[in-house]
Structure formats: structure tokens, C-alpha cells
Amino acid sequence: MAGSFGPGPLPDSADVVVIGGGVVGCAIARELSRFDLSVVLIERSPDVATGTSKANSGILHAGFDADPGTWKARLNVRGSRLYAELSEGLGIPRKATGSLVVAKDAAQMETVAELRHRGIDNGVPGLEIWTRDQVIAHEPNISPDMAGALWAPTGAIVCPFLATVGFAENAIRNGVRIVTECTVTGIDMADRQIVGVRTTRGRIATRFVVNAAGLHSGEVARLAGDDSFTIKPRRGEYILFDRSVGQLVNTVLFPTPDKVSKGILVAPTVHGNVFIGPDATEIDDPEDRETTAAGLGGIIAGARRIVPGLPLGTAITEFAGLRAAAGKDFIIGPSPAARGLVHAAGIQSPGLTSAPAIGEVIVEMLQDVGLRLKPKASFVPVNPEKPRFHDLDRESQALLIASDPLFGRVICRCETITEAEIVAAIQSPCGARTVDGVKRRVRAGAGRCQGGFCGPRVTAILARELGIPITAIRKDSIDSWLFLSRATLEAGEASHA
Ligand SMILES: Cc1cc2nc3c(=O)[nH]c(=O)nc-3n(C[C@H](O)[C@H](O)[C@H](O)COP(=O)(O)OP(=O)(O)OC[C@H]3O[C@@H](n4cnc5c(N)ncnc54)[C@H](O)[C@@H]3O)c2cc1C
């Protein structure tokens, strides 16, 4: 089966259907693409990485937080190793910054020492307790009001969008079909065995389904008569700072955690920004990603306890992400109600870190429930390299412009993103279909002006490259059209008359 990406058509049948195009579903699809199987991934949005995988801290956790023996502990440590091996080949930006858990006093130093022991039990290498002087030498802008810290050299940062796109693109290159704008609405069973999946684009026959539907994974389970878990969204708000203050911190700075969350961090991003956040607020609506005055005030106060001189005037945007909370551990395993259904559900933090390791165990579990696996000789484990004009020296930039004049047209001035990179992002196998899809892949619109200047030009390039009218271009979600045609407007006015 040839790989593809876009809103259809849905094939009549597949060996495996994966529901959800977040980092978890895409990593699972890539792992399945190693084998001689027909694999279809169904995603309700126009793009991958539009759920929790687009709004998180982007940290590859070292693995000392989770209790030994849990899925979280095991898959975090394995996932962090897999990213170190895979990132370069898949085009996933990753930086080995290390991380520090900062203790304010002697009591917190005890907690930090416990974290170190837990980390050792989980197999995390290189954990050290640092003195106050060691921490200040590494992080000159940190509050001197602290006692020491836990240093984890394997902590790292990653681009969560390009992680998802990197797995998805590689899965497509190896034959996976990703069908977007397609919502799973039903699961057909015969004698408690999965036999098909119903969607807004028709039915697909299959005996194996992976539930990687994130915040909606509880609803998907119930479609198969499985009410063994419920997802309760927990929102986390963030503030992102401009790249001009990217030197504020060198590593990921956590406070000493409490029982509910890892606390408010101050951390760099792989693209040279700094962010603060997230908080943790229980909510009911799995779409409620609003930021609030109270939430932002709380994260500023929390972050100032670690770095007092926060440059608040350089904030460029704020956003919120939703954790798919369903208890203490991930829900990974065969459904108790439906044969052939395997859950990768309730994947809260460290789900981004764990994703490639989740892919491995889900494939093992599918085999345990009867899926036959025959390795595919043609599997290609890497994606072709994509030049990043901004990161190159002048000589290399000149060579690129000589090879393609579109590298000489800078579309996004804040991030120095060229038209050639935007065209490549649209034309690649997992190509952008929306304005935010371009932003997530190449950062056009991710800088200081947040797309104020380049947004209209990106929109025009999308329309030209996709061969569709400009009125068909959306910002991100399925109904986020940027323009309305006169005919649509007049029809709307008539219906309101
Ligand atoms: C505030 C916050 C901070 C975090 N920080 C980190 C961190 O630093 N490091 C880390 O390792 N992890 C972190 N995480 C966790 C990590 O982001 C998640 O574990 C991970 O993104 C979950 O990915 P997913 O694929 O399970 O879910 P999602 O990305 O939400 O993907 C699920 C997909 O399923 C689709 N879908 C749902 N229902 C249907 C349906 N019926 N039909 C078709 N498609 C459907 C959705 O549209 C969505 O795209 C953080 C999470 C949050 C919220």
C-alpha cells in the first residue's frame, strides 16, 4: 500500500487502524510501518499535532519522576534513549540541555535526594546532587535563594510538532495512509471481536484498532463498549518569550515537585525561545484551551521564584495545553471489552518523551492479540534532510539561493524563513494544509510578530501550492477559514434575514 496524507479517500479495509494523529498515534504508526501490513491512521483535524501534542513543554524528561515499575517510568527512560538515536535521522530538532530540579531548603533537598534514588531505580544515568554554588555557576540568572538541585544530564528538549511530523512523515514514506478530517464515530464488533471502524468518511473493515485519541480516548473506548476509564482534562497555561532573551537559562529548571504536578518551569526551547509554565487546572471541556488572567498571574509568580528577573516585556504569546488525565499511570494494553482493540490512552506527561517507546510496546501487544508481523525489507528509517536557511552560514545560504531562487525570498522576517522552505513544507509527504501547519513545520509566523506580517503571504503560497482558492485556506482547525467568499456571506445574510 502506498502511503498518503490528506482528507481521503478512506480505504475499504486495513490490517490495523490507528485512531489519533498526535505524537503517540504517529509514533505507533511509524513502528507498525516496519512490517508488511496495511496501516491507516485516522485523524479528525486537517493536520497531525493539533491536540495535546502541539501545546506542551517540549521536554524529554530524564525519567526520575514516575514510580518504578509503572509504564511511565519504563517508557520514559526508553523513549528518551530512542529520541537520542532517532531524532537526527527523522529531522526532529533536539538539544541535550540537561535538567535541574531546584530545591529551596533542606526539606526540599530531601525530596530531591528521593528523586535521585527513584531515578536510579528507573535506570536514569548520571544523576547528581549539585550544591548551590554549582547551580549558580551553571545558571547565572537563577534565584540565589535556594539550597541546591538534582542534575539530570539526560534531560533534553525537543520540538513537539516536528517530533509528531517526523514520525508521521516516516510512517507515510513506509506506506502508512493518514486520513485527515475524518472522525471515528463507531466501532463494529462481532462476538466481541473488532470487525470495523465507522467514520465521517465511511467504514473501514479491520480486526485491529489502536486507540490513541488523546483527550477523546475514553469516548473511543466506549464506542467499543469499554467503559474501563474516563479522561478528565487538566489545563496547563504558558507564556513564551522572544528569542532575544533566549540566553536567560541554559537548561530546564524545575521547582521541587508536589504530588499533582512537576510545578512551574523556566526552560529554553529548541528554537532559542524561553517559556514559563504550566499550571494545572481541572476542567470539563476537552476543547477549552483558553488562557486566564489568574492562570498567567500564577505562573509568573511561580517562575519568579526560580528566575526573579523574568523579562515580561519580551513575552510574544501565551497558550494552553490539556493533559488527558485518567489516573496515575498511562492506560496501555488490550481492551477488557473488545478483542483487537489496544489502548494507548490517558497519555499525560511524559507522553511526548515516551511516544517512540509506546510505539514499540503497542506493536508487541498487537502481536500478542493475533496480529501477524513480517518485517518489511524496504523499510526506510529516516527522512530526507531539509535545509534550515536561518541556521546556515552565509556561504551555505548563497549556495542554496543559487540552487533555488525561492531561498532568496524571505517570507517570515522574524524567523528568516524562506519561500523555498514553505513550499517544501507544503509539498512534503506529510505536507502542511493550513497556516498553522506551515508554522509548526518551518516556524513562519512563530516569531515576535506571530504571523502579523507573513500570515497573508503564507496563505497565498498555500493556495497556490495546493491549487485551491484562497477562501478554502484555514488557519488550523477544520472550520477555521480565514476568508469567506461573497457568495457564502450573502447566503449567510439571506438565512438571517
Ligand atoms: C501542559 C502540558 C505539558 C506537557 N509537557 C510535556 C513534556 O514536557 N514532556 C513530555 O514528555 N510530555 C509532556 N506532556 C504530555 C504530552 O504532551 C502528551 O502526553 C502527548 O502529547 C499526548 O499525545 P497523544 O498523541 O496521546 O494525544 P494528542 O496529541 O491529543 O492526539 C490525539 C489525537 O486524536 C485525535 N482524535 C480524537 N478523537 C478522535 C476521533 N474520534 N477520530 C479521529 N481522531 C480523533 C485528536 O484530534 C488528536 O489529534 C505535556 C502535556 C501537557 C498538557
Side-chain angles (χ1 to χ4, degrees), residues 17-29 41-63 65-66 72 75-76 79-80 83 99 155-158 160-161 163-164 167-168 178-187 197-201 209-223 231 233-238 252 254 261-262 264-265 267 269 275 277-281 286-287 289 299 319-326 330-332 343-359 477-478:
V17 169
V18 179
I19 305 172
V23 69
V24 171
C26 292
I28 293 167
L41 184 149
I42 297 176
E43 167 54 51
R44 63 183 191 149
S45 298
D47 199 0
V48 294
T50 60
T52 303
S53 301
K54 83 164 177 185
N56 54 58
S57 306
I59 293 162
L60 296 177
H61 292 287
D65 288 295
K72 283 187 177 178
L75 299 176
N76 181 341
S80 136
Y83 274 102
S99 66
I157 55 177
V158 74
F161 324 127
T164 311
F167 292 128
I178 298 185
V179 181
T180 55
E181 304 186 41
C182 181
T183 303
V184 170
T185 53
I187 294 182
V197 170
R198 274 173 281 134
T199 81
T200 47
R201 290 186 180 273
V209 172
V210 179
N211 174 11
L215 290 156
H216 298 276
S217 51
E219 292 156 41
V220 166
R222 279 189 286 285
L223 294 177
I231 301 291
R234 196 184 300 140
R235 190 177 57 211
E237 300 182 32
Y238 290 95
V252 179
F254 296 99
S261 112
K262 298 183 186 78
I264 309 297
L265 6 160
T269 75
F275 73 83
D279 56 357
T281 310
E287 311 299 329
R289 294 189 195 153
I299 63 171
F319 61 94
L322 304 183
R323 304 167 182 90
F330 299 150
I331 296 163
I332 292 189
H343 298 305
I347 310 289
Q348 315 177 51
S349 187
L352 171 65
T353 316
S354 307
I358 295 175
S477 60
I478 205 155

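Counting convention: from 1, in listed order, for ligands and their atoms alike.
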- line: Looking only at protein heavy atoms, what sits closest to atom 1 (C) of ligand 1 is Y238 OH, 3.3 Å
- prompt: Got the closest protein heavy atom to atom 38 (N) of ligand 1, with its distance?
  reply: H216 CB, 3.4 Å
query: Any side-chain heavy atom of H61 sitting closer than 4.5 Å to one from S80?
result: no
message: Considering both backbone and side-chain atoms of S53, is one of its nitrogen or oxygen atoms within less than 3.5 Å of a nitrogen or oxygen in ligand 1?
response: yes
statement: for atom 37 (C) of ligand 1, nearest protein heavy atom and its distance come out as A213 O, 3.4 Å
query: Which of the atoms in ligand 1, numbered in the order shown and given with their element, are less than 4.0 Å from a heavy-atom of G20?
result: 33 (C), 34 (O), 35 (C)
message: Among all protein heavy atoms in this structure, tell me which lies nearest to atom 44 (N) of ligand 1, with the distance rounded to 0.1 Å.
response: R44 N, 3.2 Å
Numbered atoms of ligand 1 (with element) below 4.0 Å of V184, judged on heavy atoms: 40 (C), 41 (N), 42 (N), 43 (C)
task: Indicate yes or no for a side-chain donor-acceptor contact from T185 to the backbone of R198 under 3.5 Å, with no hydrogens or angles considered.
output: yes
field: Nearest heavy-atom neighbours spanning E181 and T200
entry: O-OG1, 4.2 Å
Atoms of ligand 1 close to G21 [distance to a heavy atom under 4.0 angstrom, numbered from 1]: 33 (C)
message: Using a 4.0 Å heavy-atom cut-off, which part of A212 comes near ligand 1: side chain, backbone, both, or neither?
response: backbone
- prompt: Any idea which of V252, L352, L322, I478 brings a heavy atom closest to atom 12 (N) of ligand 1?
  reply: L352
- prompt: Who's the nearest protein heavy-atom neighbour of atom 5 (N) of ligand 1, and how far?
  reply: S57 N, 3.2 Å
field: Options I347, T52, T353, ranked by nearest heavy atom to atom 19 (O) of ligand 1, top entry
entry: I347
query: Got the closest protein heavy atom to atom 9 (N) of ligand 1, with its distance?
result: I59 O, 2.8 Å
- prompt: With no hydrogens and no angle check, is any side-chain donor or acceptor of T353 less than 3.5 Å from a backbone partner on I59?
  reply: yes
- request: May I ask which of K54, R323, E43 has a heavy atom nearer to atom 52 (C) of ligand 1 than the others do?
  value: R323
- prompt: Is there a donor-acceptor pair closer than 3.5 Å between any side-chain N or O of S53 and the backbone N or O of V23?
  reply: yes
message: Apply side chain to side chain contact (heavy atoms under 4.5 Å, CB included) to residues F275 and L265 and explain how you reach the verdict.
response: CA-CA 8 Å; F275 73 83; L265 6 160; 4.0 Å; yes
message: At less than 4.0 angstrom from any non-hydrogen atom of V24, what atoms of ligand 1 do you find?
response: 23 (O), 24 (P), 25 (O), 26 (O)
query: Nearest protein heavy atom to atom 31 (O) of ligand 1, by residue and atom, and its distance?
result: G22 CA, 3.3 Å
task: Name the orientation class of the two ring planes belonging to Y238 and F319 (parallel below 30°, tilted from 30 to 60°, perpendicular beyond 60°).
output: parallel
message: Please classify the H61 to ligand 1 contact at 4.0 Å (heavy-atom distances, strictly less than): side chain, backbone, both or neither.
response: side chain
Nearest protein heavy atom with distance in Å, relative to atom 13 (C) of ligand 1: S349 OG, 3.5 Å
query: Looking at side-chain heavy atoms only, is the closest gap between D47 and F161 below 4.5 Å?
result: no
- request: With sequence neighbours left out, write down each residue that passes side chain to side chain donor-acceptor pair (under 3.5 Å) with N76, or none if nothing qualifies.
  value: none
- line: Quick note on ligand 1: atoms under 4.0 Å from a heavy atom of P350 include exactly 10 (C), 11 (O), 12 (N)
task: Check whether any heavy atom of C182 sits under 4.0 Å from an atom of ligand 1.
output: yes
message: I'd like to know if R44 pairs up with E287 as an ion pair, taking the criterion as any Lys NZ or Arg NE/NH1/NH2 lying under 4.0 Å from an Asp or Glu carboxylate oxygen.
response: yes
statement: When rounded to the nearest 0.5 Å, the distance separating OG1 of T52 from CZ of R234 is 12.0 Å
statement: ligand 1 to G214, heavy atom cutoff 4.0 Å, flagged ligand atoms 27 (O), 32 (C)
Any donor-acceptor N/O pair, D279 side chain to E237 backbone, under 3.5 Å: yes
field: Best match, T199, L75, N56: closest heavy atom to atom 50 (C) of ligand 1
entry: N56
field: Ligand-residue contact atoms, ligand 1 with G58, heavy atoms, under 4.0 Å
entry: 8 (O)
statement: One should read off an interatomic distance between S217 OG and I347 CD1, to the nearest 0.5 angstrom, of 8.0 Å
- line: I42 heavy atoms within 4.0 Å reach ligand 1 at atoms 43 (C), 44 (N)
message: Taking the side chain as everything from C-beta on, heavy atoms only, tell me whether L322 gets closer than 4.5 Å to R289.
response: yes
